[in-house]
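Treat the numbers as computed from the prediction; the structure is a model and nothing was measured. Proteins get letters first, then strands, A, B, ... in listed order; numbering begins at 1 in each.
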Protein chains: 2
Amino acid sequence: MIIYGVAMKVRQLTFRLLQVYADVVRTGSLTATANRLHLTQPTVSQQLKRLREIVGEPIVRHEEGRLVPTEVGQALYQLSQDLLSRADVFSQYLEEYNRGGRGHFSIGLVNTAQYVLPRLLGPFGQANPQVDVTVEIGNRQQMLNRFERHEDDIYVFSHPPIDDDVLAAPFLSNPLVVVGPQHYRWAGVEGLSMDALKEERFLLREPGSATRHTFEAWLYSAGIELRSTQQIASNEAIRLAVASNMGLAVLSRHVVADSPNGVQELPLPGFPLKSRWHFVVRRQRRLPPAAIRFLSYVQASLAQAFDEPEGEMAVAELLQALKPER
Amino acid sequence: MIIYGVAMKVRQLTFRLLQVYADVVRTGSLTATANRLHLTQPTVSQQLKRLREIVGEPIVRHEEGRLVPTEVGQALYQLSQDLLSRADVFSQYLEEYNRGGRGHFSIGLVNTAQYVLPRLLGPFGQANPQVDVTVEIGNRQQMLNRFERHEDDIYVFSHPPIDDDVLAAPFLSNPLVVVGPQHYRWAGVEGLSMDALKEERFLLREPGSATRHTFEAWLYSAGIELRSTQQIASNEAIRLAVASNMGLAVLSRHVVADSPNGVQELPLPGFPLKSRWHFVVRRQRRLPPAAIRFLSYVQASLAQAFDEPEGEMAVAELLQALKPER
DNA sequence: TATAGTCATAGATGATTATCTATGGGGTGG
DNA sequence: CCACCCCATAGATAATCATCTATGACTATA
């Protein structure tokens, strides 16, 4: 952009000057303006003088004891009003932004978490229509990569990465259960054990998956080795495969919880495997106010919507740890 | 939550800061901006810092070696663009105003002058559609009152008021002639003299009129006393009255010059009485650029449109006298 | 014409700004 | 791992700003 320095010394123009000038035009008196703005009359007089120098043209004249804007002064007054009100709009936007009622944040979800997060994000979005949330979804490994690159504001992991910079709040239990087809032959049998099922075919998620990793860790510690496995990349596909008698699987109870879906949970000793979802943020990262607001919202609704008072506590601590960042 | 009365320190906001910031966003580099604006890199860095303090929020962040505006920064950038371009529009307006191509001025005309001024104001208005001219009309006395009160930018008098502050440029001759009805019985008679006509009824303008005043002064110096007079307040009414055989009159030749109008000029010794119209301005008054432009325009067109080279000179001098006022 | 109110100007003084030079820290690409 | 950009910070300085108090000029109005 080419700047024409000729007509007006824009560089020296200050919003303060415009504020004072606008008030002078409104009151028609330097003294009045001085009082209203808690200044002395000479101060206002000098401000006017300087503004006139910036504009390069007289902007007010005396008329019947009042100060009246000249033709140029009127145009300048309109400009002032215009500019000041626009700056004010921006200021209000800033306030809204700081309150978290407006703006944007991004959250990265491990695949399985997408079965529960909507229950938090949905109502939050309803209550904060001006907030724009980007939801990233991937398996554990993909989310770890994003985390490494600081790509998102908040993450949800069942097993948070270990790092000094990490703040993690376990907010919701994520029980892993063994599921089989609706009319599975072992259904109802007492004393069923995993050892008895090791000959069955198990459908597993891909290696990067946390669900798979947790299950395999448990198998290892229990000294069990599976005979037959098959890899399927999504929880939903696994659920459908189980329903179709293709095998058994270990899934988050949240995946199978809702509605009749052709699968059933098998009561096995040692199950459900306990795990929890964590909100994970970097201690050092300055979260957008909207993200803070979301976490606050989560904290408030956890107890009632999910009956997870412990989660509420954990989120409260997380928020606390983030506050002094200011 | 703490409520901050002001989200942004608007008072300290400068257009300079916005200019610099806008350029930083465009180039994505402090160094580049520093070069473009002929500053050093630390200067730009500090400006950015100050702007951030004013806004109270980070406005840029590093990303792949570039500086990228944050969410708030983007909003601020838009604001900057907006404000700067508006200031620029005003600046352009100022330029136009100073060139006289835009704006307003007022001119006060003595009644008789309204017969010729349109021939100047008309074309000027055509050539400068953005200039808004207020034309005030009245008889000499009324115009003198306006002059005293500094109500107009320019005046047209045939006899300028005497005042140290007055600048007057005689720009056009205003011959006063004796007129009678079209078929007046003395028409064509050689050696006709005013002395012979003093028994006729003369139609005169009101006492404040300059035309009347000039005529009466001439009568006085010639030692002639009229027998019968009648007062009529407008030139036009007088012309019609003369055409209707109600008497004779002394009028500006400009009043009777155009078109067949039922009156004729009577050739009398001593006539036409010489007088001139003057543009009159106050030396001390700062004329709006538009008024200056009008006078310049008049100067340029006098010679060709009216064949009055002397008037051209006089107006040129007037303009000259006004110039150092800056 | 005296009085009060309103502006303008002068002089003084911290505070803030606009800049510069010098220097240090962090990445990026060889 | 080194050289090279790029940015941030420190320190310095002249200019400008934001203010104030004191005072003078001008203008209505009592």
Send over the distance from [X] [atom1] to [N] [atom2], rounded to a whole Å.
| X | N | atom1 | atom2 | value |
| --- | --- | --- | --- | --- |
| B:Phe15 | C:dT17 | CZ | P | 17 Å |
| B:Lys9 | C:dT16 | NZ | C1' | 13 Å |
| A:Glu53 | C:dA8 | CD | P | 13 Å |
| A:Asn35 | C:dT6 | CG | C1' | 12 Å |
| A:Arg16 | D:dT19 | CZ | P | 5 Å |
| B:His150 | D:dT27 | NE2 | P | 11 Å |
| A:Leu51 | C:dA8 | CG | P | 13 Å |
| B:Leu39 | C:dT17 | CG | P | 16 Å |

How does each nucleotide of nucleotides 6-16 of chain D score, in 5' to 3' order, for protein heavy atoms under 4.0 Å: base (B), sugar-phosphate only (S), or none (-)? SBBB-------
Does [X] put a side-chain nitrogen or oxygen below 4.0 Å from OP1 or OP2 of [N]?
| X | N | result |
| --- | --- | --- |
| A:Arg11 | C:dT19 | yes |
| B:Thr40 | C:dC20 | yes |
| B:Gln47 | C:dT19 | yes |

So is A:Arg26 actually on top of A:Tyr21's ring, under 6.0 Å and inside 45° of the axis? no
Taking 4.0 angstrom as the limit, do A:Arg286 and B:Glu57 come out as a salt bridge? yes
Salt bridge between B:Arg140 and B:Glu206, side-chain N to carboxylate O under 4.0 Å?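 So B:Arg140 does not pair with B:Glu206 through a salt bridge.
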Which one of A:Thr70, A:Val60, A:Val55 satisfies the side-chain contact (heavy atoms from CB on, under 4.5 Å) criterion with A:Leu76? A:Val55
Could you check whether any side-chain N or O of B:Ser29 sits under 3.5 Å from a backbone N or O of B:Ala32, counting only pairs where one atom can act as donor and the other as acceptor? yes
When rounded to the nearest 0.5 angstrom, what is the spacing between CD1 in B:Ile137 and CE in B:Met143? 7.5 Å
All side chain to side chain donor-acceptor pair (under 3.5 Å) counterparts of A:Asp152, not counting sequence neighbours: A:Ser106, A:Arg146, A:Tyr155
